[in-house]
Number of protein chains: 2
Amino acid sequence: MNSDLTLSSLRDKGHKITNVRKEVVGMFSQADKPLTAQELHKALKTIGLSVNKTTVYRELQFLTDQGYLVEVHLNPKETSYESTDLMHHHHLICETCGKIDNVTNCLAKELEEDVLKKKGFEIARRSLEFYGTCADCSKKS
Amino acid sequence: MNSDLTLSSLRDKGHKITNVRKEVVGMFSQADKPLTAQELHKALKTIGLSVNKTTVYRELQFLTDQGYLVEVHLNPKETSYESTDLMHHHHLICETCGKIDNVTNCLAKELEEDVLKKKGFEIARRSLEFYGTCADCSKKS
DNA sequence: ATTAATTCGCAAATGTCTTGCATATTGTAT
DNA sequence: ATACAATATGCAAGACATTTGCGAATTAAT
């Protein structure tokens, strides 16, 4: 399990630092929510780095293979990614405004132990999402 | 939130009972894991009901709109569906053999209360998946 | 049996994501 | 600085799930 999504970490492992890689890494470090290929592609264009979508896909594939990112399946249309560093948190997805908040509380310890004991299932990673209505949207309605 | 995925329930609400609907409902009642459009399409063909994929998609859409099914995003390639009746359980997805097991233990009560209290987020539904290695695959390796 | 509403099949299209291949770029050794 | 090997990039083409329009077929109730 590879954490530490930084340029120096990548360099240390002998990976090349390209413009795209530099920016994508930066975006994931700052991101407070999972990002999709489309979002990254648009963001890159915005900062004047017009890169091909294929390259974005390959970069995501690369960072995922290297263990820096994990896939998150929040919606059926496209795959989102987030830094492995953030893996032990959960998402609050507002179905009204689409906002994504995080819960860092790492629960489920008991349940996980149960699962291993009763089922013999070894958990490598988990995905916990809550779908509902955020505070702001609740107020408005 | 509509439960009770049965033909009588559908009839009572004035929906037509077609051959496809009948079989699809039956398959979801018996299913012990989430099903995809492709799986249903193949299963229907197997029992001699060669139906168009579009129809399968529309049937899933229909049953979801009516609240009988929920979408489950287990993998990036396609959407799975399961009966709303089963919503309060979680999935164990073996990344080696692909088998999907269930945990009916409904945890997360505490965390959910936390989330409502601290964030004001009202949870409508949740999705909890554990990815790892099932007992059988553990043994083999 | 007639009819209105719904469903179905077919064809076409959308959008995400993948792949092959030729070219360009990066890091390193010289 | 230069040349080389490995890797990254762009472009075109394609795979696949999913959606939509429309005319034909089926369902349920009169």
Side-chain angles (χ1 to χ4, degrees), chain A residues 6-28 34-45 47-81, chain B residues 6-27 34-45 47-66 68-82 98:
Chain A
T6 60
L7 294 181
S8 20
S9 166
L10 283 161
R11 234 185 308 262
D12 289 352
K13 298 203 169 180
H15 298 126
K16 300 189 173 173
I17 309 298
T18 65
N19 289 332
V20 177
R21 185 156 298 161
K22 202 183 308 176
E23 297 301 337
V24 168
V25 166
M27 284 168 181
F28 273 109
L35 302 174
T36 67
Q38 316 302 322
E39 289 170 335
L40 287 166
H41 182 247
K42 186 186 288 183
L44 290 170
K45 180 179 283 180
I47 63 170
L49 222 175
S50 286
V51 68
N52 194 282
K53 271 188 187 171
T54 303
T55 302
V56 177
Y57 281 114
R58 282 198 268 234
E59 191 57 34
L60 289 169
Q61 186 70 62
F62 170 83
L63 292 172
T64 302
D65 287 347
Q66 298 301 322
Y68 292 104
L69 299 181
V70 283
E71 294 186 350
V72 191
H73 310 309
L74 301 182
N75 71 71
K77 298 294 183 192
E78 52 187 342
T79 303
S80 302
Y81 297 79
Chain B
T6 60
L7 294 180
S8 20
S9 166
L10 283 163
R11 235 186 307 262
D12 290 350
K13 297 203 171 183
H15 299 123
K16 300 190 173 175
I17 309 299
T18 66
N19 288 332
V20 177
R21 183 157 298 163
K22 204 184 305 176
E23 297 302 338
V24 168
V25 166
M27 285 167 181
L35 303 173
T36 67
Q38 317 300 323
E39 288 170 336
L40 286 166
H41 183 246
K42 186 186 288 182
L44 289 170
K45 180 179 284 179
I47 63 171
L49 222 175
S50 286
V51 67
N52 193 282
K53 271 188 186 172
T54 303
T55 303
V56 177
Y57 281 112
R58 282 198 268 234
E59 191 58 34
L60 289 169
Q61 185 71 63
F62 170 81
L63 292 173
T64 302
D65 287 348
Q66 298 300 321
Y68 291 105
L69 299 181
V70 283
E71 294 186 350
V72 190
H73 310 310
L74 300 182
N75 71 71
K77 297 293 183 192
E78 51 187 344
T79 302
S80 302
Y81 295 80
E82 70 183 3

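Below, all heavy atoms of this structure are taken into account, side chains as well, without hydrogens, waters or symmetry copies. Quick caveat, the model's predicted, so the values are computed rather than measured. Residue numbers begin at 1 in each chain, while the letters A, B, ... track the order of the sequences.
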Mind calculating the distance between [atom1] ([X]) and [atom2] ([N]) to the nearest angstrom?
X	N	atom1	atom2	value
B:Lys77	C:dC17	NZ	P	8 Å
A:Glu23	D:dT9	CD	C1'	16 Å
B:Glu71	D:dT18	CD	C1'	11 Å
B:Leu40	D:dT18	CG	P	11 Å
A:Leu60	C:dT18	CG	P	10 Å
A:Lys22	C:dT25	NZ	P	14 Å
A:Gln61	D:dA8	CD	C1'	14 Å
B:Lys13	D:dA29	NZ	P	17 Å

- line: Letter by letter from the 5' end, nucleotides 3-10 of chain C scores (B base, S sugar-phosphate only, - none; protein heavy atoms under 4.0 Å) --BSSBBB
field: Residues that A:Glu78 engages under side-chain contact (heavy atoms from CB on, under 4.5 Å), provided they are two or more places apart
entry: A:Thr36, A:Gln38, A:Asn75
Check side-chain hydrogen bond (donor to acceptor under 3.5 Å, both in side chains) between [X] and all other residues, then give those that pass, not counting sequence neighbours.
X	result
A:Asn52	A:Thr54
A:Glu23	none
B:Asp12	none

To the nearest 0.5 Å, how far apart are [atom1] in [X] and [atom2] in [Y]?
X	Y	atom1	atom2	value
B:Leu10	B:Tyr68	CG	OH	4.5 Å
B:Leu60	B:Leu35	CG	CG	9.0 Å
A:Leu69	A:Ser80	CG	OG	11.5 Å
B:Lys77	A:His73	NZ	NE2	10.0 Å
A:Arg21	A:Arg58	CZ	CZ	12.0 Å

Check whether any side-chain N or O of [X] sits under 4.0 Å from OP1 or OP2 of [N], and answer yes or no.
X	N	value
B:Thr79	D:dT18	yes
A:Tyr57	C:dC17	yes
B:Gln38	D:dT18	yes

- prompt: How bent is the helix from C:dA1-D:dT30 to C:dT30-D:dA1, comparing axes over its five end pairs at each side, to the nearest 10°?
  reply: 30°
